[in-house]
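Accompanying notes for the structure given below.
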Amino acid sequence: MADIIPFKALRPRADLAEKIAALPYDVYSREEARRKVTGDSYSFLRIDRAETQFPEGYDMYAPEVYEKARDILNDMIIKGEFIKEKAPAYYVYELVMNGRSQTGIVACASVDDYENQVIKKHENTRAEKEADRIRHVDICNAQTGPIFLAYRQREDIKEQIENAKKTQPLYDFTADDGIIHRVWLIDDADSVHAIKEGFAQVKSVYIADGHHRCASAVRVSNMRREQNPDYTGSEEFNYFLSVLFPDDQLLIMDYNRVVKSLNGYTEEEFLEKTEEIFDTQEMGKEPYKPAKKGEIGMYLKDTWYRLSIKENMLTGDPVGDLDVAILQKYLLQPVLGILDPKVDGRIDFVGGIRGLGELERRVKSDCKAAFAMYPTDIHELFAVSDAGKLMPPKSTWFEPKLRSGIFIHSLED
């Protein structure tokens, strides 16, 4: 069962929370990150992407970059811009996007639960991306970005969240992208006990977003265990920073595809190939958004088409029956020759937050065709994880994004 514990968060002073909170480090390119922090003395992105504090083109993986991140964090602590909670606590974290609320519990999850697959993943990680966050966590001696976890809703945990939201929030601000962020503290003994016991009844927890941050936290924990062979299991390095959301709160958006080449086919020939594979219907000039699972929108030569998946393509396999997997298996691979979408430069991925207009723009600028996907369902993610399988790359796009810098988990008490 899940070991989800309260912790002594290192968190911003109330009047600085809005200034410090930042989107995750990996949503920015180097240039975007540099522009974002220019002239900014508070953004947590200065810590998460400390190469922005060095001359343009500086090696972002140099040891001094990670040391700079540690030094900025320590300086902010010394200045009182971050404060340390006096006793272990849980936190309620609500995000509101376009009027839709999503509320979770901020806590620390067990490294052993990850190793024992109580906490389940749905995608592989890349060694070079892991190595970056391993160095960042190890040198900062803190986990600075929360892992986004999901669980099946429980009424006892829901009750504690609702009770907490009746109290005065620690933070309540609207970020520059319009997302509202609210945080409440849960530190009374009865509520803390109820939440811990509630999660102790949860059989499986799922990584929704943050696979690299999670794997890196586990690697650092194992390093610390080797350095401290007499560890008891209660040390802070045995746990990693998380926000846990119930399944009925989550919004997964479409994760769309654009292709830069038709593999030698003309647009007319490619459309003929598509019609051989899918039930295809021309939808006109207006953007077509798939209405249900089993439908894919295709934009080709100024026209939208609906591609319907045929029954004989479905096998009952939780991975193979994903819309993104069927598109890859029946069209992208055999017709366009895209064997591995993780590394093939002819395919790109566009998060649903950008809208279908972005797909049209890409086709008119640097691509040949676009595919609008119906969003993967959270329970499809659960089914894949429960089966011990992995999703195709870029299968899920979660919104809204958790902010970094609101909660930090120090690896020392």
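Being a predicted model, the structure only gives us computed values, none of them experimental.
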Pair S101, E94 - check side chain to side chain donor-acceptor pair (under 3.5 Å), show working. CA-CA 7 Å; S101 173; E94 179 185 37; 2.6 Å; yes
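- In this structure, the side chain of S191 does not engage the main chain of D188 through any donor-acceptor pair within 3.5 Å.
- Within a 6.0 Å sphere centred on CG of D15, other residues, nucleotides and ligands contribute more than 12 heavy atoms.
- The pair R361-E358 meets the salt-bridge criterion, with a side-chain N (NZ, NE, NH1 or NH2) lying under 4.0 Å from an Asp/Glu carboxylate O.
- N163 and Q160 share no donor-acceptor pair across their side chains, judged by distance under 3.5 Å alone.
- Within the 4.5 Å cutoff, the side chain of F7 has no heavy atoms near those of the S410 side chain.
- Within the 4.5 Å cutoff, no side-chain heavy atoms of T144 are placed close to those of F407.
- Residues E115 and N222 bring a donor and an acceptor atom of their side chains to less than 3.5 Å of each other.
- At most 12 non-hydrogen atoms from other residues, nucleotides or ligands lie less than 6.0 angstrom from NZ of K301.
- Residues T52 and M60 are not in side-chain contact: their nearest non-hydrogen atoms beyond the backbone lie 4.5 Å or more apart.
- Looking at R306 and D279, no side-chain N of the basic residue comes within less than 4.0 Å of a carboxylate O on the acidic one, giving no salt bridge.
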Report the C-alpha separation of L10 and I83 in whole Å, then their side-chain angles, then the decisive distance to 0.1 Å, and conclude whether the side-chain contact (heavy atoms from CB on, under 4.5 Å) test is met. CA-CA 6 Å; L10 191 63; I83 58 175; over 6 Å; no
One pair to check against ring-ring contact (aromatic ring centres under 6.0 Å, His included): F148 and F245. What are the steps and the verdict? CA-CA 8 Å; F148 187 153; F245 292 93; 5.0 Å; yes
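- The two residues V65 and A50 have their closest heavy-atom pair at O-CB, 3.3 Å.
- Contact record, I186 with V92: CD1-CG2, 3.6 Å, taken as the closest heavy-atom pair.
- Judged by distance alone, the side chain of Q143 and the main-chain N or O of Y239 form a donor-acceptor pair under 3.5 Å.
- Residues D254 and T376 fail the side-chain proximity criterion, which asks for heavy atoms closer than 4.5 Å.
- For K36 and D40, the salt-bridge test fails: no basic side-chain N is under 4.0 Å from an acidic carboxylate O.
- A donor-acceptor pair is defined here as one N or O able to donate and one able to accept, closer than 3.5 Å; no such pair exists between the side chain of S216 and the backbone of C214.
- With 3.5 Å as the limit, one finds a donor-acceptor pair spanning the side chains of Y91 and E85.
- Looking only at distances, a side-chain donor or acceptor of K285 sits under 3.5 Å from a matching main-chain atom of D302.
- Sparse packing is recorded around CD of E56, with 12 or fewer heavy atoms of other residues, nucleotides or ligands lying under 6.0 Å away.
- For the pair H122 and H211, the minimum side-chain heavy-atom distance is below 4.5 Å.
- Using modelled atom types and a 3.5 Å distance limit, the side chains of E64 and Y58 yield a donor-acceptor pair.
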Any chance you could lay out the side-chain contact (heavy atoms from CB on, under 4.5 Å) test for R46 and Q53, step after step, and finish with the verdict? CA-CA 7 Å; R46 299 175 308 135; Q53 308 302 300; 3.6 Å; yes
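- In summary, of the residues considered (L244, L241, D209), a side-chain contact (heavy atoms from CB on, under 4.5 Å) with P146 occurs for L241 alone.
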Run the side-chain donor-acceptor check on residues 325-338: report pairs under 3.5 Å with partners two or more places apart or on a different chain.
| from | atom 1 | to | atom 2 | distance (Å) |
| --- | --- | --- | --- | --- |
| Q328 | NE2 | I338 | O | 2.7 |

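- Ion pair D386/R152 flagged as a salt bridge, since at least one NZ, NE, NH1 or NH2 atom sits closer than 4.0 Å to an Asp/Glu carboxylate oxygen.
- Remark: side-chain polar atoms of Y374 are not paired, donor with acceptor, to backbone N or O of G297 under 3.5 angstrom.
- Checking R403, Q102, H181, R182 one by one against Y93, the side-chain hydrogen bond (donor to acceptor under 3.5 Å, both in side chains) holds for a single residue, H181.
- Between the Y90 side chain and the I4 main chain, a donor and an acceptor come within less than 3.5 Å of each other.
- Counting non-hydrogen atoms of neighbouring residues, nucleotides and ligands closer than 6.0 angstrom, the NE2 atom of H379 exceeds 12 such neighbours.
- With a 6.0 Å radius and a threshold of 12 heavy atoms from other residues, nucleotides or ligands, E311 has its CD atom at or below the threshold.
- Contact detail for I207 and L381: the closest heavy-atom pair is O-CD2, 4.3 Å.
- Here the shortest heavy-atom pairing between S221 and F237 reads OG-O, 2.7 Å.
- The shortest heavy-atom contact between A208 and T396 is O-OG1, 4.4 Å.
- Of the residues listed (D71, D138, D132), the one engaging Y66 in a side-chain hydrogen bond (donor to acceptor under 3.5 Å, both in side chains) is D132, and it is the only one.
- Between E295 and S308, the side chains place no donor N or O within less than 3.5 Å of an acceptor N or O (distance only, hydrogens not considered).
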Mind running side-chain contact (heavy atoms from CB on, under 4.5 Å) on Q281 and Y305 for me, showing each step along the way? CA-CA 5 Å; Q281 181 178 353; Y305 298 86; over 6 Å; no
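- Using modelled atom types, no side-chain atom of W397 and backbone atom of I252 make a donor-acceptor pair closer than 3.5 Å.
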Residue pair R225, D112: steps toward the salt bridge (Lys or Arg N to Asp or Glu O under 4.0 Å) verdict: CA-CA 12 Å; R225 288 177 172 187; D112 289 331; 3.0 Å; yes
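- Under the 4.5 Å side-chain criterion, counting only non-hydrogen atoms from C-beta, D48 is not in contact with Y28.
- There is no side-chain donor-acceptor pair under 3.5 Å between R224 and N238.
- Without hydrogens or angle criteria, R11 side chain to F82 main chain gives no donor-acceptor distance under 3.5 Å.
- Between the OG atom of S110 and the CG atom of N116 there is a distance of 7.5 Å, given to the nearest 0.5 Å.
- Using a 3.5 Å distance cut-off with no hydrogens or angles, the side chains of Q153 and D248 do pair a donor with an acceptor.
- Between K394 and V324, every side-chain heavy-atom pair lies at or beyond the 4.5 Å cut-off.
- With 3.5 Å as the limit, one finds a donor-acceptor pair spanning the side chains of E360 and W304.
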CA sep, side-chain torsions, deciding dist, call: I47, M76, side-chain contact (heavy atoms from CB on, under 4.5 Å): CA-CA 10 Å; I47 295 169; M76 294 181 77; 3.9 Å; yes
Given K368 and S261, is the side chain to side chain donor-acceptor pair (under 3.5 Å) satisfied, shown in steps? CA-CA 6 Å; K368 293 294 185 180; S261 161; over 6 Å; no
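- Residue P24 comes nearest to R213 through the heavy atom pair CB-NH1, 4.3 Å, listed as atom of the first residue, atom of the second, then distance.
- A cation-pi contact, defined as under 6.0 Å to the ring centre and within 45° of the axis, links R133 to Y25.
- Between K401 and D177 there is no salt bridge, since no side-chain nitrogen of the basic residue lies less than 4.0 Å from a carboxylate oxygen of the acidic one.
- K8 is not listed as a side-chain neighbour of K86, based on a closest heavy-atom distance of 4.5 Å or more.
- Heavy-atom neighbours of R354 CZ from other residues, nucleotides or ligands within 6.0 Å: at or below the threshold of 12.
- Listed for the R362 side chain is no donor-acceptor partner under 3.5 Å among the backbone atoms of K260.
- Salt bridge annotation for K293-D323: present, with a cationic side-chain nitrogen under 4.0 angstrom from a carboxylate oxygen.
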